[in-house]
Each structure stands twice: as C-alpha cells, then as structure tokens.
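Right, one structure below, let's go through it.
Values below: every heavy atom of this structure, side chains too, minus hydrogens, waters and symmetry copies. In what follows, every chain begins at residue 1, and chains take the letters A, B, ... in the order their sequences are listed.
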Amino acid sequence: MSRNRQPLLEIKGLKKHFDISSGWFSREQKSVKAVDGIDLKVYPGETLGIVGESGCGKSTTGNTILRLLEATEGQILFEGEDLAKLSNKQMREKRKDIQMIFQDPFSSLNPRMKVFDLIAEPLRSHKAASGRELKKQVYELMETVGISKSFAERFPHEFSGGQRQRIGIARALALKPKLIVCDEPVSALDVSIQSQILNLLDRLQKEFNLTYIFIAHGLPAIKHISDRVAVMYLGKVVELADRDQLFEKPMHPYTEGLLSSVPIPDPENRNNRERIILKGDLPSPANPPSGCRFHTRCPYADEKCRTEEPAFSEERDGHHVMCHYPLKAGRGVLVGNS
Amino acid sequence: MKQEQPLLDVRHLKTYFHTENGTVPSVEGVSFQINKGEVVAIVGESGCGKSVTSYSIMGLVKSPGKIEAGEVLLDGTDLTTLSKRQMRKLRGNDMSMIFQEPLTSLNPLFTVGFQISEVIVLHQDVTKKEARQKTIEMIEKVGIPNAEKIYSNFPHQLSGGMRQRIMIAIALACNPKLLIADEPTTALDVSIQAQILDLMKKLRKELETSILIITHDLGVVAEMVDRVVVMYAGKVVEEGTVYELFRDPKHPYTKGLLESTPKIHERKDELYSIKGTVPTPANMPKGCSFSPRCAFAGDKCREQQPELVQVNSGQKVSCWLHEEGEVSLHEQKQTAAT
C-alpha cells in the first residue's frame with residue numbers, strides 16, 4: 001500500500017535504558033532496558049499500532065519519539081531529520097508536527113484552565129494564532145471533536161471522561177500536526193464511550209490526513225484502528241505485520257498466546273475454542289532472560305532459544321518476526337469465530 | 001430447579017448516598033437471584049451502581065451511604081437486619097469478596113501466608129499448625145508453585161497476577177457459599193487475565209461456589225457466566241441467560257453495549273456507538289433513564305418508567321418496546337435514529 005513511499009517516521013536501533021544502580025559507591029551498573037533496540041517505520045496516512053503487556057516498553061517508545069524522554073541510543077528520523085540531534089528549541093518547533101494524546105484525561109488537563117484556554121494553549125505558545133483568529137480556530141476545533149461551543153467557559157472537572165478525552169484530542173489537533181502519538185487513548189473509558197472516541201479518531205484521520213501511532217494493550221481496539229501492528233515484549237518488537245496477517249496468521253508464539261487469551265464476547269463458542277494460555281509472569285525488564293526473551297513462557301522453546309537471541313527477520317512480505325521457529329501455518333486461534 | 005430456594009435473593013434493594021449536595025440514589029430498587037453453584041454477572045458502565053450493589057450485599061457500604069430499603073437474603077437470612085457482629089461472622093466464612101486492585105487490598109506489612117491463615121483462624125476452630133497447613137494447601141490450590149516459600153513473602157514481592165491469586169486464596173479459604181468478584185481481572189494484563197479466569201473456572205467446578213462477578217468486560221462475561229444482569233443508572237434493565245442475552249438482547253442499552261465492543265474476530269469500518277453519556281443522578285431524565293440515548297425511544301419512554309417484566313422463559317427486560325409481547329431488536333426499526 002504505502003510500502004514504496006518514504007516513511008514519515010523511521011526509528012533505528014532505538015534504546016532507552018533507565019539507570020537503577022543503588023548507592024553512591026555501587027560498582028555495578030544496573031539498568032532497566034525499557035526499550036532495547038527497536039526499528040520501526042511509519043508511513044504517511046497509516047496507523048501503526050503498538051501492542052504489548054505492561055512493562056514491554058510501548059509507552060516509553062511513544063515518549064521517546066516526542067523526546068519527552070531522551071533516548072539512550074539510536075535514531076528517530078522524522079521526514080529524514082534525526083530528532084535526537086535537535087536542540088530543545090528546535091525540538092519545540094518540531095512538536096508542531098508531532099503531537100500526543102494521553103491516556104488519562106483526568107490528569108492530563110490542567111484543572112484550573114477553562115476549556116477555551118486549554119485548547120488555545122498550543123496555539124498561543126507556538127504563536128500560531130491570536131485575537132479573533134484564535135477564537136475562530138478554537139471554536140472550530142471544538143466543533144470538530146464534538147464539544148458544544150457553549151462549554152468553552154467550563155472547567156475540566158465538569159466533563160465526563162469521554163468529553164475530556166475529546167478536549168485532549170482538540171489540543172493535539174490544534175497545530176495541524178502530521179503525526180499523532182496516541183498513548184492508550186481509550187483504556188480509561190467505558191465501552192460505549194470508547195467506540196465514540198475510536199470513531200472520532202478514525203474520522204479525523206481521513207479528514208486531516210493524519211498519521212497515527214496507536215499504543216494500547218487492548219487487542220480489539222488495536223485491531224479496529226491499525227493498518228499495521230507491532231507486538232512488543234520486554235523492550236523488543238517481536239512481530240510486525242499488516243493487521244490482518246498478524247491477527248489471522250500470527251508467526252510469533254507470543255502473539256499467538258496473546259490473541260488466544262483475549263476473551264471473546266460470544267458465549268456459544270466458549271467451550272469449543274482451543275486456548276493457549278501463556279504460563280508464568282512477565283520477567284523483569286531489569287533482568288531479561290538470556291537468548292530469546294520469550295523462552296521462559298514459550299510452549300515451543302528448546303535449547304537454541306535459551307542461548308541464542310533470534311534475529312528480527314522478514315519471513316513473508318512485510319511480515320517480520322523475531323523467533324527461531326516462527327509458526328508456519330497460522331494455527332487459527334480465531335478461525336471458526338467469524 | 002425452580003422450587004429450590006436461591007442461595008442469594010436480592011429484593012428491591014435501594015442504597016442511597018446522603019451527601020452535602022443532596023441524596024444520590026446509587027441503587028434504585030434492584031432485584032435478582034443467584035442459585036447454588038451458579039455464576040452470575042452484573043454488567044454496566046461506571047456509575048451504574050454495580051459496585052454499590054455488591055458492597056450492599058457484603059454489608060460494606062460506608063457512611064454517607066445507607067441501605068434504604070429492600071432485603072438481601074442469603075440462604076433465607078436477611079442480611080440487612082443483622083448486627084455488625086453477626087455480619088462479621090458471615091463475611092469471609094459464608095461469603096467473601098475479591099477486589100479489583102490486588103495491591104491495595106492486601107496489607108503490605110504482613111506476609112501473605114499470615115493474611116490467608118488469619119481468615120482460617122478467625123472462622124474455624126483450628127490450631128496454628130493446622131491453619132498453616134491449610135494455608136499452604138490453599139496457596140497450592142490457586143496454582144502458585146513453591147507454596148512453602150511464598151507463605152513468608154510480602155505482597156510487594158509478588159506480581160499482580162500472583163497477588164490476585166492470593167486474594168482468591170483468602171476469599172476461598174473457608175469455602176464460602178458465595179464469592180463476589182468485583183472487576184477481578186480489570187487491573188491485569190491479558191495473558192494474566194486468561195490465567196485468572198481459567199483458575200476461577202477450575203475452582204468453581206471443584207468447590208461448587210456460587211459466584212457474582214461485577215464487570216464491564218463483555219468478553220469476560222461470555223467466557224465465564226451462566227446468567228447476566230445488566231444495570232443502567234441504578235436499575236436492572238435486563239436479565240437473562242448468557243446465551244439468550246448475547247444472541248437476542250431485548251434492551252436497546254444491552255444491544256448498544258454488545259455492538260460497541262470492538263471484537264477481535266470481526267472487522268467493521270465504524271463501530272456502533274451509544275450517543276451521549278450516562279446521566280448523573282442530579283439530572284436523571286423523566287421516564288426511562290435510557291431514553292435520551294436510545295435510538296428506539298418514543299413519547300411514552302420519555303414520560304413513564306417501564307417495569308422489569310418477564311418477556312420469555314429466560315429473559316426479563318424493562319423497556320416499553322416489549323409492552324405488547326416480545327420483539328426482536330434486530331428487526332425493529334430505529335424510530336429516532338439520528
């Protein structure tokens with residue numbers, strides 16, 4: 001689809017380690033390898049979903065792209081320019097093009113600011129508009145995200161979670177960005193509100209030709225909104241593929257296990273579905289297992305997996321996987337539930 | 001089945017919160033039953049009163065909340081008339097509860113072994129040694145290896161999934177007749193959620209405990225339960241067996257909830273969404289409380305409150321659409337579709 005075009009964002013060998021050495025004189029350098037060498041490309045107009053369980057580094061990846069966290073190593077190329085090398089001032093300029101929507105609409109909005117000022121804030125601080133023009137743009141934004149103009153003078157606490165998330169989206173849209181990093185934008189919301197927000201994001205993408213990086217732990221939401229999906233496990237991308245490929249024919253045993261653990265809202269089939277339940281807990285990212293990081297929980301692991309780290313290789317057209325023994329035919333965990 | 005007395009019989013329960021800004025009716029006349037060995041779910045979005053219902057059953061509603069009217073019959077005894085002391089004897093022994101957040105519901109200052117044996121010592125006439133033995137059995141029963149070692153661990157040393165297993169062990173230590181699980185897997189990762197659901201299914205078969213699950217996740221409902229109670233704005237709007245409810249929902253709210261859930265095995269361009277948000281108790285609409293959001297609503301719905309009535313052998317619904325006999329919502333035209 002967009003394979004031949006230039007990527008809008010390209011991440012090369014990105015690493016983010018957090019230092020956790022304790023004590024002043026400690027010789028040992030310990031660190032949590034939250035993101036440990038990932039490569040990703042995001043093409044204009046697409047939605048790249050990043051999915052994984054807590055501690056896999058998906059949010060750290062999002063924060064590092066916007067340089068809310070400084071990368072330890074690696075390149076973040078936005079339209080060919082390395083964001084990691086920019087000065088703070090230059091990066092501030094760049095944030096006009098790259099914006100973020102946060103998970104918790106309760107803590108990400110300043111409770112002392114009115115809705116109008118919240119949405120006007122990015123426009124004001126980047127001197128993008130003022131006076132009558134500012135007013136016009138803010139009201140337009142409110143209309144775009146579905147908040148009545150009459151609410152402009154209200155404070156965030158007067159709104160429900162869904163409406164607050166709409167305010168967050170209006171703020172992100174204000175500077176007409178090219179890329180929006182959505183960090184778990186719907187996980188804090190009720191189901192009926194989730195679908196409203198997902199539909200809104202969908203509509204805005206078409207209307208403003210936006211590119212999304214959609215970070216979430218909920219697989220159904222990821223499947224609904226993404227064009228391509230990256231699955232992360234302990235700081236690494238373990239599988240990357242087109243949405244349908246990934247959900248229908250997963251090649252990494254972790255993806256297969258994840259898909260199979262999602263409860264399906266269909267009671268009729270609950271007893272004849274073969275489930276693969278991943279055993280054990282996520283290992284600590286401070287001390288990841290040797291070899292393949294997933295081998296401690298993998299039902300198919302053998303000696304090679306315990307000692308040798310597999311490469312991230314392209315198995316099929318655009319389908320990358322990090323596994324010594326990628327699953328050949330999709331086992332069809334979801335087949336038969338059409 | 002029919003003649004047998006239900007284990008739990010909640011009749012016209014009303015729980016109000018008396019706040020400085022007036023009375024908030026959280027639970028407004030809720031009735032339902034749980035038979036022996038049955039798994040029932042209460043579903044609904046935040047603020048619908050599902051958690052308050054469960055707290056009322058357990059006698060855990062704190063001031064300014066108060067049970068205003070109704071009966072909660074457990075094996076024929078009305079719990080609302082019992083003294084605090086009598087309730088304390090029942091809790092943990094005849095009925096027990098597991099909570100959403102396993103970290104905050106365990107005491108960080110005591111070992112998990114102590115916290116499990118505490119329940120056993122309190123309710124059963126056993127020596128310390130026997131209690132310890134029984135505790136270790138319970139730890140093994142909830143699927144934790146190395147029970148001897150885990151016995152003397154503190155909660156912070158365990159992962160989220162392990163903590164939830166400990167909570168289950170505490171709740172089931174005295175083999176209660178009724179287990180209430182308030183969002184037992186919401187705070188957990190998908191792969192861990194699958195493990196916990198699997199464990200609950202296994203224990204249910206083994207111990208024949210009746211379970212009341214409070215959740216907003218329809219996937220969990222479809223996996224686990226026999227019967228579903230759907231709540232909206234403090235009232236039961238629909239009740240039915242899990243199969244009927246998912247196949248042929250009778251209340252427009254239930255239908256909306258089912259359709260707005262993104263499904264992993266389906267592909268839709270746009271998700272169905274219920275417009276608007278849950279009304280706050282302060283501005284509860286006249287007539288049916290769902291009417292402002294309902295696509296089927298007519299004049300009568302905006303005027304009069306419908307009663308919960310039996311529409312077929314397995315389903316009860318409170319909706320004017322079924323006034324003159326059962327109607328299938330799948331065929332019904334949306335009168336006020338906007």
Heavy-atom proximity to chain B below 4.5 Å, by part of A:Ile193: both
Non-hydrogen atoms of B:Ser260 and A:Ser192 that approach each other most closely: OG-CA, 3.9 Å
Residue part contacting chain A, namely of B:Val278, when any heavy atom lies under 4.5 Å: neither
Aromatic ring proximity, centroids under 6.0 angstrom, A:Tyr233 and A:His252: no
Side-chain H-bond candidate by donor/acceptor type, B:Thr277 with A:Gln163, under 3.5 Å: no
Pick from B:Leu257, B:Val242, B:Leu218 with the largest number of heavy-atom pairs that fall under 4.5 Å of chain A: B:Val242
Donor on one side chain, acceptor on other, A:Gln196 and B:Ser273, under 3.5 Å: no
Pairs of heavy atoms under 4.5 Å with chain B: top-ranked of A:Arg297, A:His217, A:Arg243: A:Arg243
For chain B, the option from A:Lys279, A:Arg275, A:Gln194 that forms the most heavy-atom pairs under 4.5 Å: A:Arg275
Test item: B:Arg204 side-chain N/O and B:Gly37 main-chain N/O as donor-acceptor pair under 3.5 Å: yes
Option that, when pairs with chain A are counted at under 4.5 Å, heavy atom only, ranks first among B:Met162, B:Arg247, B:His216: B:Arg247
Chain A contact via B:Glu45 - side chain, backbone, both or neither, heavy atoms under 4.5 Å: both
Top of B:Val225, B:Leu197, B:Thr185, B:Leu188 for chain A proximity - count of heavy-atom pairs under 4.5 angstrom: B:Val225
Nearest heavy atoms of A:Gln165 and A:Pro105, plus distance in Å: N-CB, 3.7 Å
Residue pair B:Arg227 / B:Glu239: nearest heavy atoms and the distance that separates them: NH1-OE2, 2.6 Å
Per-residue contact mode, A:Ser160 against chain B (heavy atom under 4.5 angstrom): side chain
Part of B:Val221 lying under 4.5 Å from any heavy atom of chain A: backbone
Side chain, backbone, both or neither of A:Ile277 within contact of chain B (heavy atoms, under 4.5 Å): side chain
Pair listing, ring pair (Phe, Tyr, Trp, His ring centres under 6.0 Å) test, anchored in residues 233-255 of chain B, at least two apart: B:Tyr232-B:Tyr253, B:His251-B:Phe290, B:Tyr253-B:Phe290
Per-residue contact mode, A:Arg203 against chain B (heavy atom under 4.5 angstrom): neither
